[in-house]
Amino acid sequence: MAARNGLMIDYDFCTGCNSCVVACKQEHSYPVGKGGINLVEIMTPLPDDRIRIDYIPFTTAYCDLCYTRTTRGEQPACVKHCQAACMYFGTLPELAAKMEAKPHCVLFTPR
Amino acid sequence: MQVDENTKVYKMGAWSPGPGCHGGCGVEISVKDGKFVKIEGDVDHPYHEGRLCPRALALGQYINHPDRLRWPLKRVGERGSGKWARISWDEALDTCESKLRDIRDKYGAESMVFGQGTGRDSGGPILFLAYAYGSPNWTLFGLSGIACFTPRLAACFQVMGDMTFPDAAQFFPERYDDPDWKCPEVIVSWARNLQGSQCADHYFSGHYVTDMMKRGAKLIVVDPVNGWEASRAELWLRIRPGADGALALGMIKVIIEENLYNKEFVDKWTFGFDKLKAHVASMTLDEIEQITWVPKEKIILAARMYAKAKPASMRFGQPLDSNAEAVATIHGLASLWALTGNIDNPGGNIITRPPKGVTLYPYSTEEVIQLYGQEFVNKMNLKRIGADQYPLVKNFRSWAMSDDVLKQMETGTPYPVKGLWCQTNNFIAGTAQDPKRHWEAVRKLEFNVVVDTFMTPTAQLIADIVLPAAALSEKDSVFTTGVPCNPIYKVATVDEARPDWEINFELAKRLNPQAVPWANVRGLFDQRLAVIGKTFETLIDSGYVMAPKGDATTPYNRHEKGLLRPDGQPGFRTPSGKFEFYSQKFEEYGLNPLPYHEEPIESPFKTPEIYKDYPLIMMTGRRVGVMFHSEHRQIPWLRELNPHPSIDLHPDTAKEYGIKDGDWVLIEGTMGKAKRRAKITPIMHPKIVMAQHGWWIPEATYNGDGNPYKVWDINVNQLIPMGHNSKSGFGGAFTKTMLCRISKVKEGEEVNYGS
């Protein structure tokens with residue numbers, strides 16, 4: 001059986017630009033209130049009166065990993081347009097291997 | 001490329017209107033039966049390599065929006081009554097031609113002002129129309145001190161003869177893989193907000209910063225706000241808004257006094273070092289700490305980290321343009337590049353010129369002269385508003401001075417202003433400080449035209465004729481204010497919307513046929529593109545153009561090679577041929593030749609008595625990535641991501657004033673007030689509040705009461721004055737530094753717009 005596909009986010013570099021959110025809406029013609037990606041914002045207080053801001057594009061129930069695009073050999077719309085180039089599409093073993101070299105990543109496995 | 005029988009894909013450059021930007025990206029636009037279908041990034045285009053911003057990705061909702069202006073309108077009630085009738089293009093252009101001829105015949109062409117906004121694709125055609133008509137009064141209408149980009153350009157052109165951007169290998173097709181490029185060890189991000197100004201900005205895109213962070217660059221961030229970049233910075237300097245000039249001097253002082261400067265570069269390529277050294281010796285770091293709110297230990301660390309990095313680059317933003325003496329502040333920043341030898345070196349601040357000097361929208365005096373000739377420019381200067389008062393304004397870039405244009409509209413001296421051609425400028429909602437004063441002045445003029453893509457508060461209040469502008473995919477144009485040079489061409493139509501270039505070309509031809517010898521706009525483009533060996537058609541075929549290595553418009557180290565000066569000698573395009581710490585041009589113009597700091601008109605130090613009653617500093621204008629200035633409030637996918645005209649407050653500030661998240665807040669300053677919806681966030685400084693700029697509520701219906709789309713309820717520029725621009729003319733808009741106080745809006749007085 002072929003390995004499952006997933007979406008990996010290197011969230012050290014996600015700037016919260018929302019390109020993934022809107023790219024998904026255009027690709028699937030989703031209306032307001034519906035989309036395959038929700039951008040999550042997490043604020044963590046650090047010493048020295050500083051806040052660390054993390055953005056994580058979170059796949060929703062409407063994410064189909066751009067099945068139509070990826071079967072044509074294209075990247076998912078969010079991955080292609082990600083301005084920070086911090087989203088990766090691939091098989092779970094490939095993505096897990098990539099994660100090992102990076103400090104802060106998450107892996108989504110929507111089905 | 002043909003996708004199926006009816007759908008074709010076209011590659012071109014992206015530029016406003018539509019995406020809302022200063023251009024640069026390459027996109028692929030799908031069109032079916034003459035209508036826009038989809039936009040994607042173009043992976044073969046070097047600027048963004050397929051990446052694309054949310055505003056461009058929402059282009060379909062912009063183009064096909066039910067509120068788009070689709071045909072010319074004429075006013076059929078009193079000005080501001082909200083009553084309009086559809087007219088034909090023939091009638092619209094006939095009316096414009098006849099009214100503009102009347103004004104020229106009766107009062108002289110200079111009585112017509114041609115105002116642009118931030119200058120998307122329309123900047124070039126507005127200057128083109130103004131000069132063909134014979135008026136010298138091309139301006140960024142409403143923005144005090146023309147405090148966006150021009151102060152930066154003016155400062156850099158005087159002290160070093162050119163503008164710079166951080167090197168992100170953007171001049172090379174292979175980008176970061178180019179063997180001559182080096183990744184900077186340190187990037188200083190000064191008054192920038194990557195999340196907001198995330199994409200195309202002439203020669204640089206915000207995410208070039210993340211590209212270089214991945215390749216090892218460390219960040220020093222100068223920002224009052226704990227934004228994303230500050231949260232990733234090696235060193236974050238939380239500066240008081242408007243104190244940038246003082247911080248620059250502090251860093252200069254440390255670098256000189258700790259002998260961290262690049263002696264070889266300073267000896268060989270700079271002028272006035274001893275004077276700069278004596279200048280900074282006279283101030284102490286304790287004083288600078290007090291002015292900037294930045295602990296001196298951090299100033300020292302930042303100076304050391306920047307100076308020791310080989311190479312290092314510096315990116316800076318619009319807040320510096322609005323500093324009280326913006327040009328002097330930017331002179332200070334540029335002096336840091338020169339002290340450390342980070343000018344036109346791989347990985348430093350590289351000199352940016354359009355490929356082979358191609359231009360349709362001049363950003364410098366040299367380019368204005370290239371397009372129109374010295375003699376014509378001299379003639380225009382005789383009556384250009386502000387040219388006689390400010391030597392720098394007279395000698396740089398040919399803008400009419402915005403503050404003085406307003407004053408002259410009011411006073412009629414030395415000559416009357418009778419009309420406003422207002423193209424892509426929503427000054428009532430965004431561009432102008434003291435917008436009600438602008439409304440009062442403009443509503444008394446004889447004839448006003450607004451050209452835009454949507455009906456705006458500005459068009460509602462001031463226009464006699466409204467012309468519908470075409471968006472990306474509906475227009476022919478060329479992007480020349482960055483790299484690469486991109487073609488933009490018409491592949492779809494929306495009813496009767498017309499490209500800015502086409503509208504202005506047609507009207508210019510009617511008003512002065514001699515100034516418009518070309519058969520059509522493409523003929524004009526062909527002539528302007530000759531310097532890069534292209535016609536408009538062949539530029540479309542090649543996709544984009546960059547100048548080759550070795551050209552005077554491609555890095556590196558051009559001052560060593562004699563590529564910068566018109567005489568072909570090594571050095572910079574300045575009187576001394578060197579980078580001037582002590583600027584001889586400024587001296588000639590009666591300005592301070594050395595960089596210095598000046599307090600804003602209101603501040604805890606300048607006006608302590610006002611500070612007692614207005615104890616918070618209001619910043620506005622910080623960019624929001626999903627919207628561009630006053631655009632995109634009606635685009636559903638984008639409005640969903642930024643739904644409210646907000647004021648950002650620190651939790652402690654909110655608690656002190658009894659304000660909860662989502663409450664409506666009254667912001668009061670010494671000259672005006674506005675209401676905003678509270679957003680409580682720990683990224684703010686407790687003494688600083690941040691109100692988004694450019695807000696209006698497009699979905700609110702307008703009933704002719706003079707308050708279109710709730711603009712007067714929410715426009716925070718009502719707290720900011722005109723007429724206090726810098727001594728040089730350029731700068732001093734006080735968009736980041738007005739003092740204010742806040743309170744919770746009384747029940748029943750909230751701004752209700754149905755969500």
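Quick note on labels: first sequence line is chain A, next is B, and so on, each numbered from 1. The figures that follow rest on heavy atoms only: side chains count, while hydrogens, waters and symmetry mates do not. Fair warning: this is a prediction, and the values are worked out from it, not measured in the lab.
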When you measure from the side chain of [X] to the backbone of [Y], do you find a donor-acceptor pair of N or O atoms at a distance under 3.5 Å?
X	Y	result
A:S19	B:L52	yes
A:H81	B:G41	yes
A:Q26	B:K38	no

Quiz item: Where do B:E40 and A:R69 land on the salt bridge (charged side-chain N to carboxylate O under 4.0 Å, His left out) test, with the steps shown first?
Solution: CA-CA 13 Å; B:E40 295 226 358; A:R69 289 176 70 101; 2.5 Å; yes
Practice problem: Show your reasoning for whether side-chain contact (heavy atoms from CB on, under 4.5 Å) applies to A:Q75 and B:V43. | Solution: CA-CA 11 Å; A:Q75 292 286 320; B:V43 291; over 6 Å; no
Quiz item: Which value, rounded to the nearest 0.5 Å, describes the distance between A:K80 atom NZ and B:L57 atom CG?
Solution: 9.5 Å
Quiz item: Which pairs pass salt bridge (Lys or Arg N to Asp or Glu O under 4.0 Å) with one or both residues in residues 214-225 of chain B, sequence neighbours excluded?
Solution: B:D223-B:R622
Quiz prompt | Choice from A:D12, A:V21, A:V79, A:D10 maximising heavy atom contacts with chain B below 4.5 Å | solution = A:D12
Practice problem: For A:Y62, look at atom OH and say whether over 12 heavy atoms of other residues, nucleotides or ligands are found less than 6.0 Å away. | Solution: no
Practice problem: Go through the atoms of A:Y55 and report whether side chain, backbone, both or neither lie under 4.5 Å from a heavy atom of chain B. | Solution: side chain
Quiz item: Does B:K32 have any side chain to side chain contact (heavy atoms under 4.5 Å, CB included) partners at least two apart in sequence or in another chain, and if so, which?
Solution: B:N6, B:T7, B:V37
Exercise. Kindly write out the residues that satisfy side chain to side chain donor-acceptor pair (under 3.5 Å) with B:W190, not counting sequence neighbours, or none if the list is empty.
Key: B:D244
Quiz item: Which residue out of B:A233, B:G60, B:G196 racks up the most heavy-atom pairs below 4.5 Å with chain A?
Solution: B:A233
Practice problem: Among the options B:R232, B:R51, B:M213, B:Q195, pick out the one with the most heavy-atom pairs lying under 4.5 Å from chain A. | Solution: B:R232
Quiz item: Under 4.5 Å, heavy atom to heavy atom, which residues of residues 44-54 of chain A contact chain B?
Solution: A:D48, A:D49, A:R50, A:I51, A:R52, A:I53, A:D54
